[in-house]
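The structure appears right after this line, and notes come after that.
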2 protein chains.
Amino acid sequence: MTASATREQIVRAADRLFYERGFEHTSFADIAGAVGLSRGNFYYHFKSKDAILDAVIAARRDERRGWLARWENEEPDPAARILRFIEIVHVNRADIQAFGCPLGTMTTELAKLEHTMLTQAGDLLTLFRDWLTEQFRLLGYAERSGDLAMHVLTFSQGAAVLANLYRDESYIRREVDQMRAWLHALQPTT
Amino acid sequence: MTASATREQIVRAADRLFYERGFEHTSFADIAGAVGLSRGNFYYHFKSKDAILDAVIAARRDERRGWLARWENEEPDPAARILRFIEIVHVNRADIQAFGCPLGTMTTELAKLEHTMLTQAGDLLTLFRDWLTEQFRLLGYAERSGDLAMHVLTFSQGAAVLANLYRDESYIRREVDQMRAWLHALQPTT
DNA sequence: GTCTATATACCGATAGAC
DNA sequence: GTCTATCGGTATATAGAC
């Protein structure tokens, strides 16, 4: 196996394990076991656990940027793009019920650890924040756009926390429907 | 020092440390250091870390029940009571910006650990959920009451996650204002 | 009730053979 | 590039003196 392919496997396994078990609760042995490598060999690819976290965050950033680009391509209407974001809570409901929001739970954990990479993990949410702001701006909401984007993020984070706790699919559907109605009723002039 | 007084000190210190650093990231040495005891003596009062978590959850339940009783006494109007809940995000903004919601972050962590006490930690949020449901019922929302209660919880959890990440007080104020307006515009007949 | 000393296990990280 | 062996640190938990 080439080094880059092994590295990619490690990042993919770590990404999933950090999501399912949390960063601190995931050990090198866990990741090594998932990839099928020994612990020792691990350090050939990454010199520390923080280096893996850094790579995981970079991988997530690339993936999320891909989502945003796809939504922009598939939806010419900015309101429809915002809807695509709102609906990921329902589209990814199985994972969210089991493990919460990958970005929200990571920032929550890193904040408690006072981890230096909290800022970089937070940048992943800021990616959506800025993109949503731009969509609202395109709809004519001007200086209100940033606050509206934050409101959409508030909904998605809150829904993810409670979906994870109560594991109730109908709750997710209701909250998404409510958010869709909110977006539809919004008016740039009010 | 009597055993019960020492025990109470331990629970209070553990409550705060679990909130600030998280459950798993807090060690016995941390708690013992905060109380001024040796690690060894610790097991005289609690036989395991889970036993401390259990006591912390029980203490939080008592405290939150006290809040609800106080709000009921001070506010005859159920809508004003709901407002009291909505406003705790702003009232406790300093702690929430630094450490998030004590209940939400604990359930998020315990879910990832697949900890057996997740249910009991979740019951603390259910305490508010049931109480909010009852207030909406008193306002005449009938079978919609439960969903409205969940919507209020969604707001408070989402706002706490993002307040913790961005540490922006004006964001908290805006979201609380928006939630207040939402509550005011609600109509039992619609 | 509080202490010191210690058992046992796992963690992240390193060294060096192959 | 992958392995085994191991270091140093810290975690929960226990034993026993005082």
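Within every chain, numbering begins at 1; the chains are lettered A, B, ... in the order of the sequence lines, protein sequences first and strands thereafter.
Within the nucleic acid shown, A:Ser27 comes within 4.0 Å of sugar-phosphate atoms alone, with no base atom in reach, counting heavy atoms only. Counting any heavy atom pair closer than 4.0 Å across all strands shown, B:Thr26 reaches sugar-phosphate atoms only and no base atom. Across all strands shown, A:Tyr43 has heavy atoms under 4.0 Å from base atoms, whether or not it also approaches the sugar-phosphate.
Residue A:Asp30 contributes atom CG, which lies 7 Å from atom P of C:dC11 at whole-angstrom precision. Here D:dA11 presents its P atom at 10 Å from CZ of B:Arg21, a figure rounded to the nearest Å. Remark: P of C:dC10 and CD of B:Glu24 are 14 Å apart, rounded to the nearest angstrom. Whole-Å rounding puts the B:Phe46 CZ to C:dG1 P distance at 13 Å. Between B:Arg39 atom CZ and C:dT2 atom P the separation is 16 Å, expressed in whole Å. Computed from coordinates, the A:Asn41 CG to C:dG12 C1' distance equals 16 Å when rounded to whole Å. One atom, CZ of A:Phe28, and another, P of D:dC7, lie 20 Å apart when rounded to the nearest Å. What separates CZ of A:Phe42 from P of C:dG16 is a distance of 22 Å, to the nearest Å.
Results of the salt bridge (Lys or Arg N to Asp or Glu O under 4.0 Å) test with B:Arg93 over B:Glu87, B:Glu175, B:Glu169 single out B:Glu169 as the only residue that passes.
When each of A:Tyr44 and A:Gly40 is assigned the nucleotide of DNA chain D with its nearest heavy atom, A:Tyr44 is the one assigned upstream, toward the 5' end.
Phosphate contact (OP1/OP2 of D:dT2, side-chain N/O of A:Thr6, threshold under 4.0 Å): present. At the phosphate of C:dC11, neither OP1 nor OP2 sits under 4.0 Å from any side-chain N or O atom of A:His25.
At a threshold of 4.0 Å, the pair A:Arg60-A:Asp15 counts as salt-bridged, since one of the basic side-chain nitrogens sits closer than that to a carboxylate oxygen.
The nucleotide whose nearest atom lies closest to any side-chain atom of B:His45 is, among D:dA13, C:dG12, C:dT2, C:dT2. Comparing D:dA13, C:dA13, C:dT2 against the side chain of A:Lys49 picks out C:dA13 as the nearest.
Across all non-hydrogen atoms, the minimal contact from B:Thr154 to A:Ala159 is CG2-N, 3.5 Å.
Between A:Asp30 and A:Ser27, the side chains place a donor N or O and an acceptor N or O closer than 3.5 Å (distance only, hydrogens not considered).
For CD of B:Glu74, the number of neighbouring non-hydrogen atoms (other residues, nucleotides, ligands) closer than 6.0 Å is greater than 12.
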